[in-house]
Participant: 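Mind looking over this structure? Questions follow.
Below, all heavy atoms of this structure are taken into account, side chains as well, without hydrogens, waters or symmetry copies. One-based numbering, in listed order, for ligands and for the atoms of each.
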Amino acid sequence: MKKKIVILPGDGIGQEVTAEGKKVLERVAELFGYQFEFDTALIGHQAIEATGDPLPPETLDKLRNCDAILFGAVGHPKYDNDPGAKVRPEQGLLKMRKELGLYANLRPIKLFDELLGASSIKPEILKGSDILFFRELTGDVYFGKRGRENDNQTAYDTMIYSRYEVERIAHKAFRAAQTRRKKVTSVDKANVLESSRLWREVVQEIGKQYPDVELEHQFVDAAAMKLIQNPKSFDVVVTGNLFGDILTDEASQIAGSMGMLASASVGDSVGLYEPIHGSAHDITGKGIANPLASILSAALLLDISFGAKTAADAVIAAVEQTLRDGYRTSDIADANTSKDKILNTSGMGQAVLDRLKH
Ligand code: IPM
Ligand code: MG
């Protein structure tokens with residue numbers, strides 16, 4: 001297998017964790033006899049500083065001409081309290097998703113048994129949870145018309161969905177459910193929003209083509225509650241861009257820590273793989289970020305973009321063994337973790353590499 005992978009570290013801890021994800025891909029190439037050619041490119045705040053553009057044309061060019069992308073994060077605190085900033089790191093991410101047609105964001109929420117104690121939710125509620133989110137990624141209020149009027153006294157964002165956008169993500173969700181526990185929960189706010197009523201209508205129609213899959217609908221407020229009340233009641237969840245953004249951060253608590261969650265964005269062509277955590281500037285540069293989400297993103301990349309299931313499973317097994325051996329980064333450590341088992345970012349990366357076998 002010969003593949004081109006672009007590494008897009010981006011901002012904050014994106015740099016630190018992606019370095020570990022890349023090392024894992026390099027080791028996989030050695031172990032499995034693959035040829036991976038790596039390139040890197042700029043995005044986000046980094047790219048703004050260097051070129052004035054959060055997604056420079058050279059980056060987009062590289063992304064269009066590779067086989068898979070391992071991405072870190074974008075964001076910088078300097079924009080957070082500057083609502084007037086016209087150019088923002090997040091624009092690079094949104095534009096990239098749109099330009100590459102990455103309309104389906106898969107966020108698997110799987111709890112490693114070893115981390116049962118790391119979550120703030122009771123272990124007996126968590127144990128056995130396994131949810132696969134399909135978050136729509138190129139529509140909704142993220143891409144609807146927005147603006148200001150009335151001399152800056154009023155601002156608006158438009159929540160908008162078209163039938164084809166719902167159809168294609170619904171198909172992906174139902175197909176995935178067929179390979180799992182055969183249940184799809186579609187999340188919307190159809191008691192209030194017209195775009196949600198269209199969403200529900202289309203999901204119901206598509207559902208008829210999958211009679212073997214049970215379909216249920218939940219309003220987003222109720223879903224937010226049920227996710228932590230009874231996470232085991234979910235199998236596949238399909239939802240819009242904004243609801244998916246919010247619910248998957250919440251659901252990260254089911255996996256112990258945001259530092260554990262990987263995601264895949266797929267659609268028309270190339271796939272993009274990234275941790276769901278952001279740039280985390282509060283811990284940037286300290287070398288303590290958890291690289292496991294990036295490493296697990298690398299596993300998703302191998303599986304989904306390259307069809308290398310055995311290699312992907314080997315990476316996941318190495319992560320599992322590392323956790324079983326008691327190693328933790330500080331975000332997933334608990335009262336029972338002894339100090340000498342708490343690793344920094346590169347220490348955790350190395351621990352996984354040491355356990356990675358063909
Ligand atoms: C995510 C992030 C992004 C989003 C931000 C950084 C724009 O929160 O990928 O979940 O809202 O989609
Ligand atoms: Mg988010």
Side-chain angles (χ1 to χ4, degrees), residues 8-15 17-18 21 42-48 54-55 63 69-83 85-109 131-144 146 157-161 165 169 187 220 223-224 227 237-255 257-267 271-284 289-290 293-294 296-297 300-301:
L8 268 187
D11 302 324
I13 61 166
Q15 296 281 338
V17 298
T18 311
L42 293 175
I43 190 168
H45 171 68
Q46 260 225 323
I48 298 175
L55 185 69
L63 301 183
I69 305 160
L70 186 69
F71 170 58
V74 292
H76 193 278
K78 92 174 213 201
Y79 305 88
D80 295 346
N81 294 316
D82 180 11
K86 290 270 172 303
V87 182
R88 318 180 65 87
E90 291 80 4
Q91 292 163 344
L93 175 58
L94 299 186
K95 185 169 172 203
M96 171 170 70
R97 289 172 176 168
K98 197 71 168 178
E99 291 283 331
L100 299 176
L102 301 168
Y103 63 84
N105 185 209
L106 281 68
R107 296 188 163 181
I109 313 283
I131 310 174
L132 178 57
F133 272 87
F134 280 82
R135 168 189 176 197
E136 199 288 331
L137 204 57
T138 54
D140 204 349
V141 67
Y142 272 66
F143 293 93
R146 71 177 102 249
D157 300 272
T158 316
M159 190 173 257
I160 178 167
Y161 264 117
E165 296 177 294
I169 186 104
V187 175
V220 62
L227 261 179
V237 177
V238 63
T239 190
N241 204 343
L242 182 64
F243 300 155
D245 179 45
I246 299 168
L247 291 179
T248 52
D249 266 28
E250 184 194 1
S252 72
Q253 278 310 296
I254 297 167
S257 161
M258 193 114 118
M260 294 301 298
L261 287 194
S263 90
S265 301
V266 298
L272 177 137
Y273 301 84
E274 62 174 301
I276 87 152
H277 63 67
S279 48
H281 280 271
D282 51 333
I283 58 165
T284 296
N290 183 349
S294 181
L296 292 168
S297 296
L300 279 177
L301 180 156

Participant: Check for me whether V74 has a heavy atom closer than 4.0 Å to any atom of ligand 1.
Facilitator: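 The answer is no, since V74 has no heavy atom less than 4.0 Å from ligand 1.
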
Participant: Among all protein heavy atoms in this structure, tell me which lies nearest to atom 2 (C) of ligand 1, with the distance rounded to 0.1 Å.
Facilitator: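 The answer is D245 OD1, 4.0 Å.
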
Participant: About how many Å separate CG of D11 and NE2 of H45, when rounded to the nearest 0.5 Å?
Facilitator: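 If we round to the nearest 0.5 Å, H45:NE2 and D11:CG are 6.5 Å apart.
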
Participant: Would you say the side-chain atoms of N241 pair up with the backbone N or O of L137, donor to acceptor, closer than 3.5 Å?
Facilitator: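 Yes, the answer is positive, given that a donor and an acceptor are paired below the 3.5 Å cut-off.
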
Participant: What part of R135, side chain from CB on, backbone N/CA/C/O, both or neither, has a heavy atom under 4.0 Å from ligand 1?
Facilitator: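 Answer for R135: side chain.
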
Participant: For N/O/S atoms only: which one belongs to D245 and is nearest the Mg ion (ligand 2)?
Facilitator: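 Sorting the N, O and S atoms of D245 by distance to the Mg ion (ligand 2) puts OD1 first.
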
Participant: Can you tell me if N105 uses its side chain to pair, donor with acceptor, with the backbone of A264 under 3.5 Å?
Facilitator: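 Confirmed, N105 side chain pairs with A264 backbone.
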
Participant: As a check for students: among R107, E90, H277, identify the option with a heavy atom nearest to atom 1 (C) of ligand 1.
Facilitator: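 The residue whose heavy atom sits nearest atom 1 (C) of ligand 1 is R107.
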
Participant: Considering heavy atoms of the protein only, find what lies nearest to atom 4 (C) of ligand 1 and give residue, atom and distance to 0.1 Å.
Facilitator: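 Ranked first by proximity to atom 4 (C) of ligand 1 is Y142 OH, 3.4 Å.
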
Participant: Rounded to the nearest 0.5 Å, what separates atom CD in Q91 from atom NZ in K98?
Facilitator: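 Spacing of CD (Q91) from NZ (K98) equals 15.0 Å.
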
Participant: Between Q15 (side chain) and G10 (backbone), is there a donor-acceptor pair under 3.5 Å?
Facilitator: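 Confirmed, Q15 side chain pairs with G10 backbone.
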
Participant: Short check: any N/O/S atom of D249 below 2.8 Å from the Mg ion (ligand 2)?
Facilitator: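 No, since none of the N, O or S atoms of D249 sits under 2.8 Å from the Mg ion (ligand 2).
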
Participant: Below 4.5 Å, heavy atoms only, C-beta onward: do I13 and H277 meet side chain to side chain?
Facilitator: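 Counting from C-beta outward, I13 and H277 do come under 4.5 Å.
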
Participant: Looking only at protein heavy atoms, identify the closest one to atom 9 (O) of ligand 1 and say how far it is in Å.
Facilitator: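 Of every protein heavy atom, R97 NH2, 2.8 Å lies nearest to atom 9 (O) of ligand 1.
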
Participant: Give me the nearest non-hydrogen protein atom to atom 5 (C) of ligand 1 as residue plus atom name, then the distance to 0.1 Å.
Facilitator: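 It is L93 CD2, 4.2 Å.
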
Participant: For E90 and Y79, does a side-chain donor sit closer than 3.5 Å to a side-chain acceptor?
Facilitator: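 No, no side-chain donor-acceptor pair sits under 3.5 Å.
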
